[in-house]
Protein chains: 2
Amino acid sequence: MTEKDECCSNIPDCCDMRGLLSFSILWLLTKRDMYGQELAEELGKMRGKRPNPGTLYPALQELEKRGLVEARKEGRKKFYVLAESGRMGVVEACEYFCTVYADIFREYGADE
Amino acid sequence: MTEKDECCSNIPDCCDMRGLLSFSILWLLTKRDMYGQELAEELGKMRGKRPNPGTLYPALQELEKRGLVEARKEGRKKFYVLAESGRMGVVEACEYFCTVYADIFREYGADE
DNA sequence: ATCTATATATTGGATACCCAATATGTTTAT
DNA sequence: ATAAACATATTGGGTATCCAATATATAGAT
């Protein structure tokens, strides 16, 4: 608790680690439907920093436009739901991702 | 073995998985010094596709400019070597990376 | 009604990464 | 010396992600 607020805040300054936002969003949506601010919070927990609205909302619109997610409004909240193609795509993407970076995880992941 | 040539060629079309090039380069250089074409080949094995020269060389120049790698010429080959700051940075980056995507690896990585 | 908090969205600008195509050197072979 | 092969590099154009700052719209409280 003397640490930062959430999970990992050791954001490296050597490589900016940009990328994989859409991938992370799709993966989070396999857990449950979420609206924008929930996604922002979960992304913040994962990566140590919430994405800015100017980053998040265009990404969501793009995923919606491509038919990977669908939106359902509830009051002022707009819940994003994985579409059929998104659900298949994200599994494929996760498998690819894990294969590509398997060695890195073998060395630095695992415990802790 | 009936599969594709190298490791993973199931490049997903749902999310483009762009990003992490500099990170991957730094990580490869923890294994051994490499020149451009070697890096291109190793990146091709990792990700299923070699980066184009117009992608790779600017990235290498940027890493050199920022002092994370140093270059040593041997004939026509230009070997890239992790600099001090690069070696520390890449460990930090690997730990960050593994923390951020730990859950995805737990689900889709591990065996196979 | 009006104020506040919440949630979505846009604007403008920057950087990293991606490509195809082409150009410039440097060895090696003939 | 000239050609072929190898390696590095550049050009021009595109997309995804990143930011700070601002705008709009809805809901709940008073």
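We name chains A, B, ... by the order of the sequence lines, and we start the count at 1 in each one.
- When each of Arg50(A) and Glu74(A) is assigned the nucleotide of DNA chain D bearing its nearest heavy atom, the one mapping closer to the 5' terminus is Arg50(A).
- Using a 4.0 Å heavy-atom distance criterion, Gly54(B) is classed as a base contact.
- To the nearest 0.5 Å, the span separating CG on Leu29(B) from CG on Leu63(B) amounts to 8.0 Å.
- At dC19(D), one or more side-chain N or O atoms of Thr55(A) fall inside 4.0 Å of OP1 or OP2 (strictly under the cut-off).
- Straight-line distance from the CG atom of Leu21(A) to the P atom of dT17(D): 5 Å, rounded to whole Å.
- Using a 4.0 Å cut-off, no side-chain N or O of Tyr35(B) falls inside it from OP1 or OP2 of dT8(D).
- Between Phe105(A) and Phe97(A), the ring planes are perpendicular. Angles over 60° get that label, and only those under 30° would be called parallel.
- Separating the CD atom of Glu62(B) from the C1' atom of dC17(C) is a distance of 12 Å, rounded to the nearest angstrom.
- dC17(C) atom P lies 17 Å from atom NZ of Lys49(B), rounded to whole Å.
- OP1 or OP2 of dA9(D) has at least one side-chain nitrogen or oxygen of Lys78(B) nearer than 4.0 Å.
- For Gln61(B), no side-chain nitrogen or oxygen approaches OP1 or OP2 of dT8(D) to under 4.0 Å.
- Nucleic acid contact for Tyr80(A): sugar-phosphate only, since backbone atoms but no base atoms lie under 4.0 Å from a heavy atom of the residue.
- Contact annotation: Asn52(A) does not reach the phosphate of dC18(D) (side-chain N/O to OP1 or OP2, under 4.0 Å).
- For dA16(C), the OP1/OP2 oxygens have no side-chain nitrogen or oxygen of Ser22(B) closer than 4.0 Å.
- No hydrogens or angles were tested; on distance alone, a donor-acceptor pair under 3.5 Å links the side chain of Arg18(A) to the base of dT15(C).
- Put simply, the side chain of Arg76(B) and the base of dC6(D) share a donor and an acceptor less than 3.5 Å apart.
- Among the atoms of the strands shown, only primed sugar atoms or phosphate atoms (P, OP1, OP2) are found under 4.0 Å from some heavy atom of Gly75(B).
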